[in-house]
Chemist: 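Sharing a structure, written as structure tokens. Questions coming.
Everything numeric in this text was worked out from a predicted model, so none of it was measured.
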Amino acid sequence: MRDGMVRSRMVVPDAALLALLGSRDESLRTAEGLLTADVHVRGNELTLSGEPADVAFGERVFTELITLAERGQQVTGDAVRRTVEMLSDSGADDRELGESPAEVLSLDILSRRGKTIRPKTLNQKRYVDSIDTNTIVFGIGPAGTGKTYLAMAKAVQALQAKAVNRIILTRPAVEAGERLGYLPGTLYEKIDPYLRPLYDALHDMLDPDSIPKLIAAGTIEVAPLAYMRGRAQPVDTPVLTPDGYRRIGSLRVGDMVTGSDGRPTPVLGVHPQGVKEIFRLTTQDGASTLACGEHLWQVRTPDDRRHGKDGRVVQTRDMIGNLRWSHAHRYELPLVGAVQSPEQDVPMDPYALGLLLGDGCLTTSTTPAFSTKDPELAEALDAALPDIEVTRKSELDYVLNRVGGGGRGGVITANPVTEIVRDLGLAGTHSDTKFVPAGYLNNSAEVRLAVLQGLLDSDGGPVRQRGRTCRIQYTSCSGRLRDDVKYLVRSLGGVAYTRTRAAEGRTPGLAGGRPVYYRSDAHVLDIRLPAGLPPFRLKRKAAAYDADGGGRPMRFVESIDPAGEAECVCISVGAADSLYVTEDFIVTHNTLNDAFIILDEAQNTTPEQMKMFLTRLGFGSRIVVTGDVTQIDLPGNSRSGLQVVRDILDGVDDVHFAMLDSADVVRHRLVGDIVDAYARWDAASQRRAAISAGNTAPRNGPPQARQAGRRR
């Protein structure tokens, strides 16, 4: 042995020897070609000889390869090359972090049909680890570095582990200007070429037969960014706020809207969507609202109920033509909790007002009166109205007199009830014109429930059916009062079905043996209230209702019909479930909860699109954004959202930027060489341009652009 040369012997465990050598000694020959030290194997003894540094490096390489073999991993020629590259590039810091090649190459993400997906470089492992530890991860690097493929593997892993409920895959289709209407075929045929790489990755990781089923169920959604972003409603659509309904187009960031639990929740984002095709969604209880085809809905299907699931999120288009399951409704919408509006002072006890709206005489041409066959209600009215004495006039009729009479000191004073009725605008109303004043409708849940109880105790009642839970029925001749009762019921988390019995043609009633013809249509409401909200205070009605229970209010999608086009807007809210309440107390939402979302080719988003996408993040979700800033296809001089987002979000907690380079390319080795060649050419071009402009150095760009250059 020459002076200065050293020799080192390593004993390879018998169980790892064959795996280490590889098929036909392929791995050993690859190692011999990559290492400067001489390698000899005899039996299970491996000998390295050469310069001390070369032998030491060879020892590190074979130590990692033996560890891999002992863990049952196949030591291929590619694994040898990756190990040599990682050890050549790694420093003391990497070793202290325990990021050895064996750790990297044995990190299994998914396994299917004998194929295992795992990172192949140190940067890839850090990228994969960052997805586990951060809510939003940006994977930036040249083509072939596994950015999208590894993100897809992590998404499937999260879905299989039930860490998320759905996977959403999207990419901008700028090659067609995101205007695909001129292309032939259906929507999916038009967008398929732009999404094919995502489909191909899915087929590597899941059973191909299961993918269409997962897409049909909404578990996997694949769509261009332009179609995904449009979860919107027309600008004139009412949205419930703590102060009543407001146009969605008038909402601004920071405004408060009502969430599904009935409590206020802030608006986090407002995103104009332009003119879009819209649909009218109608529920079986007659409620309806407008939304675009991509608008999101939280629903529960019979299949979800069978399997004990809380539900799923679907788009408007997903439900069209699929609204029935056998003969039953398929999609059940959630109901709002009792809406918590600010409490306002009211001039009359709300329960008393409900009784008077039901069976009171409010013409103000005479002393206010009340009719009932239940003395209990008269007593309750007397207790609820100070300065009023409810006096029985006949078997059914009562008069509401002022305590002490109508005159004081020789001056005739107005009846307090008459004064209040006038102030509320109810003076002179009859059975077909009565209504609930706005101050009672837009009030606390306690006030609204008390008004409803008064109305139901007077003009409503329980309807019992053998073998079924008890429903509530209410009848009024006033169309406005009918709508107000629906408002009260829905605002408390219930449902109300309405039907009308026309006055014309109805058999007249009898009064003193004489026929009495109906003058007004009768509006009948069938009502269901949530458990815990007693609809009656009258003891006999409450007892009948409690005997069978009130059942559970449910609201199903009845129909979805085209409604033309309209200017639309999308909002995101801060509620934990991302739900908000739109017109007729329909619960809907616009953000993405419990989802793993991948935005691919993100270099082709504008800054506005990137902001829109990131602010759609819902609770329990993760976002991975991938792209290559050297391959921007945006038209003209448009700026890439991926280029500017790092400057904007750098340093924000729970957001990570993973930078990959040519050393992380896992395609053909020539791809990495090509990336490096372009980077050198681009750097030289920048230097020449700088010199010609009188500068001594090119402008600084983002780290990835300086390294890999940018394609012009």
Chemist: Should we count CZ of R306 as having more than 12 external heavy atoms under 6.0 Å?
Modeler: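 For R306, atom CZ is crowded (more than 12 foreign heavy atoms under 6.0 Å).
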Chemist: Drop me the distance from L533's CG to Q453's CD, to the nearest 0.5 angstrom.
Modeler: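 The CG atom of L533 sits 8.5 Å away from the CD atom of Q453.
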Chemist: For the residue pair P242 and P342, what are the closest heavy atoms and their distance?
Modeler: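 Heavy-atom minimum between the residues: O-CD, 3.0 Å.
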Chemist: Is it true that atom CZ of R305 has more than 12 heavy atoms of other residues, nucleotides or ligands lying nearer than 6.0 Å?
Modeler: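 Buried by this count: over 12 neighbours within 6.0 Å.
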Chemist: Would you kindly say whether D397 and S371 are connected by a side-chain donor-acceptor distance under 3.5 Å?
Modeler: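 Yes, because at least one side-chain N or O of D397 sits under 3.5 Å from a partner of the opposite role on S371.
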Chemist: Going by atom types only, do R552 and T469 share a side-chain donor-acceptor pair under 3.5 Å?
Modeler: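 Note: R552 and T469 side chains miss the donor-acceptor criterion.
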Chemist: With sequence neighbours left out, write down each residue that passes ring-ring contact (aromatic ring centres under 6.0 Å, His included) with Y398, or none if nothing qualifies.
Modeler: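 None.
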Chemist: Applying side chain to side chain contact (heavy atoms under 4.5 Å, CB included), name anything that partners A543, two or more places apart in sequence or on another chain.
Modeler: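 Once residues adjacent in sequence are excluded, A543 has no partner under the side chain to side chain contact (heavy atoms under 4.5 Å, CB included) criterion.
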Chemist: Centre of F435's six-membered ring, under 6.0 Å away, within 45 degrees of the axis: is that where NZ or CZ of R480 sits?
Modeler: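 Ring-cation test returns yes.
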Chemist: Of the non-hydrogen atoms in A563 and L290, which two are nearest, and what is the gap between them?
Modeler: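 Heavy atoms of A563 and L290 come nearest at CB-CD2, 3.8 Å.
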Chemist: Does any donor atom in the side chain of S491 or R448 lie under 3.5 Å from an acceptor atom in the other side chain?
Modeler: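 Yes, because at least one side-chain N or O of S491 sits under 3.5 Å from a partner of the opposite role on R448.
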Chemist: Could you go through the ring-ring contact (aromatic ring centres under 6.0 Å, His included) check for F585 and Y245 one step at a time?
Modeler: CA-CA 10 Å; F585 295 92; Y245 277 102; 5.8 Å; yes
Chemist: Can you tell me which residue pairs pass the side-chain hydrogen bond (donor to acceptor under 3.5 Å, both in side chains) test with a partner in residues 338-351, sequence neighbours excluded?
Modeler: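 Counting only pairs at least two positions apart or across chains, the side-chain hydrogen bond (donor to acceptor under 3.5 Å, both in side chains) contacts touching residues 338-351 are Y351-D457.
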Chemist: Checking N322 against Y331: is there a side-chain donor and acceptor pair closer than 3.5 Å?
Modeler: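 A donor-acceptor contact under 3.5 Å links the two side chains.
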Chemist: Do you know which of K486, R555, R528, R499 makes salt bridge (Lys or Arg N to Asp or Glu O under 4.0 Å) with D285?
Modeler: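 Single pass found, and it is R555.
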Chemist: Carefully, step by step, assess E419 and R402 under the rule salt bridge (charged side-chain N to carboxylate O under 4.0 Å, His left out).
Modeler: CA-CA 12 Å; E419 288 185 315; R402 180 170 189 157; 5.4 Å; no
